[in-house]
Amino acid sequence: MPVLDAACMGLFHAVSAFDNAGFGLHADSLTPYAIDVWVTLPVAAAVILGGIGFPVLLELLRHRNRARTTGRRGRSLHTKLTVVTTGALLLTGMVLTCLLGWSNPGRCGARP
């Protein structure tokens, strides 16, 4: 694939992942890349960061910098709830996926 086409497709999928839109440029979306860590991890990170949202991300960055200079560490209730809920949902999803799919012979990385 030419470099310009690949860059355009990468940008489209990055924006689609960050917005949680779920759009893909192929009929099978990103299914061919399901076991490619270099594709799935950035897409997963974009989905998670997009779900957290710009206001929370900006507040986390501002407070990180402020904590270094002034020592204050207070965050808004919105940021605390968003971070805790996101962490709880990610952890719950991971645990349930592992528990319910552990004996499935068709799972990713399963040994015959």
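These values consider heavy atoms only, across backbone and side chains, with no hydrogens, waters or symmetry-generated copies. Here, residue 1 is the first one in the sequence, and each next residue gets the next number.
- Across all non-hydrogen atoms, the minimal contact from Arg75 to Lys80 is O-CE, 3.3 Å.
- The two residues Pro42 and Val37 come nearest to each other via the heavy atoms CD-O, 3.8 Å.
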Please tabulate, for the side chains in residues 86-94, all donor-acceptor contacts under 3.5 angstrom to protein atoms that are two or more places apart in sequence or on a different chain.
unit_1: Thr86; atom_1: OG1; unit_2: Thr82; atom_2: O; d: 2.7
unit_1: Thr92; atom_1: OG1; unit_2: Ala88; atom_2: O; d: 2.7

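- Ala46 and Ala14 make their closest contact through CB-O, 4.4 Å (heavy atoms, listed as atom of the first residue, atom of the second, distance).
- With hydrogens and angles disregarded, no donor-acceptor distance shorter than 3.5 Å links the side chain of Glu59 to the backbone of Thr79.
- Both Ile52 and Phe54 belong to a common hydrophobic cluster when Ile, Leu, Val, Met, Phe, Trp and Tyr are linked at side-chain heavy-atom distances under 4.5 angstrom.
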